[in-house]
Enquirer: 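Please find one structure pasted underneath; my questions will follow.
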Amino acid sequence: MSSFKTDNFTFLDYTEMDDVMSRRVWECRNLSEIRKWMVNSDSISFMEHSRFIERLKLTGNSQYYCIIYNKSFIGSINIQYESQESAERGIYLHPDFFGRNLALKVCNEFYAYLRDYTTIRYITTKVLQNNFSSNRLEESLHANKIDEDGKFNYYRIDIALPKVIDSSSIANKNP
């Protein structure tokens with residue numbers, strides 16, 4: 001899967017980013033407001049970031065995308081394949097875009113694309129229990145809380161269910 005567009009967003013594959021965009025992604029990922037909610041909250045060097053992107057070119061078990069909205073970088077979304085039908089999703093938005101309900105729009109359009117153009121049916125997420133915004137996002141997406149472990153809540157959503165996503169949200173399937 002490579003870069004694609006939906007009604008409101010461009011999902012730019014990390015392996016197709018130019019140097020300027022790559023640096024934006026790296027800088028955003030290292031912001032303390034972002035890292036505090038990540039499973040791996042360590043700061044990473046630009047060299048580590050670049051090596052990670054090179055590894056993405058060689059493996060097919062995950063995809064990472066810059067999210068572009070109104071010609072601006074607003075964040076990142078990724079999936080890690082668990083099976084042909086299931087993937088774990090991660091997302092972060094730049095703090096400048098917090099509180100605008102964009103994560104819900106991003107996920108709905110991203111899920112619609114996955115549903116229509118891949119074999120993925122189930123999306124799982126792992127959310128820190130004290131990350132109230134991300135837990136609310138999962139509720140808004142109608143994800144089912146399937147487990148918790150004292151630190152994380154675990155969610156699962158069937159993106160094939162019509163109540164979750166309106167297929168009309170896809171504008172330009174293959175740019």
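Only this structure's heavy atoms are used, side chains among them; waters, hydrogens and symmetry mates stay out.
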Enquirer: Taking the side chain as every heavy atom from C-beta outward, state whether R29 and M38 have any atom pair closer than 4.5 Å.
Expert: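 Touching, per the 4.5 Å side-chain cut-off.
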Enquirer: Show the nearest heavy-atom pair for residues M17 and C66, with the distance to one decimal.
Expert: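 That closest heavy-atom pairing would be SD-SG, 3.2 Å.
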Enquirer: Whether the side chain of H94 engages the backbone of C28 through a donor-acceptor N/O pair (distance < 3.5 Å, no angle test) should be reported.
Expert: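 Side chain of H94 to backbone of C28: no pair is present.
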Enquirer: Kindly say whether the aromatic ring centers of F110 and F9 come within a distance under 6.0 Å.
Expert: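 Distance test on ring centres: not under 6.0 Å, no.
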Enquirer: Please determine, by modelled atom types, if D13 and T15 share a side-chain donor-acceptor pair under 3.5 angstrom.
Expert: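 Distance-only check passes for D13 and T15.
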Enquirer: How about Y81 and Q63: do any of their side-chain heavy atoms sit closer than 4.5 Å?
Expert: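 Touching, per the 4.5 Å side-chain cut-off.
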Enquirer: State whether the side chain of R35 and the backbone N or O of N30 hold a donor-acceptor pair below 3.5 Å, judged by distance alone.
Expert: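 Side chain of R35 to backbone of N30: a pair is present.
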Enquirer: Taking all non-hydrogen atoms of both residues into account, name the closest pair between L141 and I157 and its distance.
Expert: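 Shortest heavy-atom separation between L141 and I157 comes out as O-CD1, 2.8 Å.
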Enquirer: Would you give the length of the straight line joining atom CG of N130 to atom NZ of K151, rounded to the nearest 0.5 angstrom?
Expert: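 These two atoms lie 9.5 Å from each other.
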Enquirer: Any donor and acceptor pair, going by atom type alone, linking the side chain of N144 with main-chain N or O of I146 inside 3.5 Å?
Expert: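 Judged by distance alone, no pair lies under 3.5 Å.
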Enquirer: Which pair of heavy atoms, one from R156 and one from S86, lies closest together, and at what distance?
Expert: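 So the two residues come closest at NH1-OG, 4.5 Å.
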Enquirer: Judged by modelled atom types alone, do Y14 and N78 share a side-chain donor-acceptor pair under 3.5 Å?
Expert: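 Short answer, no.
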Enquirer: Are Y64 and F52 close enough that their ring centers fall under 6.0 Å?
Expert: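 Here the rings of F52 and Y64 have centres that are less than 6.0 Å from each other.
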Enquirer: Does S83 use its side chain to pair, donor to acceptor, with the backbone of E85 at less than 3.5 Å?
Expert: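 Looks like yes, one N/O pair under 3.5 Å.
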Enquirer: Mind listing the closest non-hydrogen atom pair of Q129 and F132 along with its distance?
Expert: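 Minimum heavy-atom separation between Q129 and F132: O-CE2, 4.2 Å.
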Enquirer: Which value, rounded to the nearest 0.5 Å, describes the distance between Y111 atom OH and T6 atom OG1?
Expert: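 Taking OH in Y111 and OG1 in T6, the distance rounds to 14.0 Å.
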Enquirer: Considering non-hydrogen atoms only, spot the tightest contact between T119 and Q84 and give its length.
Expert: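 For T119 versus Q84, the nearest heavy atoms are OG1-O, 2.6 Å.
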Enquirer: Can you confirm whether more than 12 heavy atoms, excluding those of D19, are under 6.0 Å from its CG atom?
Expert: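 Atom CG in D19 is not crowded, with 12 or fewer foreign heavy atoms closer than 6.0 Å.
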Enquirer: Taking C-beta and beyond as the side chain, do I67 and L93 meet within less than 4.5 Å on heavy atoms?
Expert: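 Counting from C-beta outward, I67 and L93 do come under 4.5 Å.
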Enquirer: Work out which heavy atom in P95 is nearest to a heavy atom in L31; give both atom names and the distance.
Expert: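 Closest approach of P95 to L31: CD-CD1, 3.7 Å.
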Enquirer: Does T124 form a side-chain contact (heavy atoms from CB on, under 4.5 Å) with R89? I'd like the steps, not just the answer.
Expert: CA-CA 6 Å; T124 61; R89 190 248 325 137; over 6 Å; no
Enquirer: Does M47 offer a backbone N or O that forms a donor-acceptor pair with the side chain of W26 under 3.5 Å?
Expert: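 Side chain of W26 to backbone of M47, a donor-acceptor pair under 3.5 Å: no, none is there.
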Enquirer: Do any N or O atoms from the side chain of E138 and from the backbone of Y155 form a donor-acceptor pair under 3.5 angstrom?
Expert: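 It does not hold such a pair.
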Enquirer: Quick check: do W37 and S134 have side-chain heavy atoms less than 4.5 Å from each other?
Expert: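 W37 vs S134: side chains apart.
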Enquirer: Does any N or O in the side chain of N70 come within less than 3.5 Å of the main-chain N or O of S72, such that one atom is a donor and the other an acceptor?
Expert: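 Not confirmed, N70 side chain does not pair with S72 backbone.
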Enquirer: Which value, rounded to the nearest 0.5 Å, describes the distance between L161 atom CG and R115 atom CZ?
Expert: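 If we round to the nearest 0.5 Å, L161:CG and R115:CZ are 10.0 Å apart.
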Enquirer: Is there a continuous path of hydrophobic side-chain contacts, each under 4.5 Å between heavy atoms, that joins L128 to I123?
Expert: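 No: no chain of side-chain contacts under 4.5 Å links L128 to I123.
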Enquirer: Any side-chain heavy atom of F152 within less than 4.5 Å of one from V39?
Expert: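 Contact flag for F152/V39 side chains = yes.
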Enquirer: Hey, could you give me the CG/CD1 distance between N61 and I79, rounded to the nearest 0.5 Å?
Expert: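 It comes to 10.5 Å.
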Enquirer: Among N131, L104, V106, find the residue that satisfies the side chain to side chain contact (heavy atoms under 4.5 Å, CB included) test when tested with L137.
Expert: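 Result for side chain to side chain contact (heavy atoms under 4.5 Å, CB included) with L137: L104.
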Enquirer: Would you say that F73 contacts L12 through its side chain, given a criterion of any heavy-atom pair below 4.5 Å between the two side chains?
Expert: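 No; the side chains remain at least 4.5 Å from each other.
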Enquirer: Decide yes or no for I68 and M21: does some side-chain heavy atom of the first lie under 4.5 Å from some side-chain heavy atom of the second?
Expert: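 Side chain of I68 against side chain of M21, heavy atoms only: contact under 4.5 Å found.
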Enquirer: Side chains of F11 and Y113: does their closest heavy-atom pair fall under 4.5 Å?
Expert: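 They are not in side-chain contact.
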Enquirer: Flag the pair R121 and D158 as a salt bridge only when some basic side-chain nitrogen lies within less than 4.0 angstrom of an acidic carboxylate oxygen.
Expert: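 Yes, this pair counts.
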Enquirer: Can L56 and S62 be said to form a side-chain contact (heavy atoms from CB on, under 4.5 Å), step by step?
Expert: CA-CA 7 Å; L56 285 176; S62 58; 3.5 Å; yes
Enquirer: In Å and rounded to the nearest 0.5 Å, what is the CG to CD1 distance from L102 to I74?
Expert: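 One gets 5.0 Å once the value is rounded to the nearest 0.5 Å.
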Enquirer: Rounded to the nearest 0.5 Å, how far apart are OH of Y154 and CD of E148?
Expert: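 Answer for the OH-CD pair, Y154 versus E148, is 10.0 Å.
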Enquirer: Is it true that E54 and R51 make a salt bridge, defined as a side-chain N closer than 4.0 Å to a carboxylate O?
Expert: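 Salt bridge: no.
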Enquirer: Check for me, please, whether Y65 and F97 land in the same ILVMFWY cluster - side-chain distances under 4.5 Å, paths through other members count.
Expert: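 Yes.
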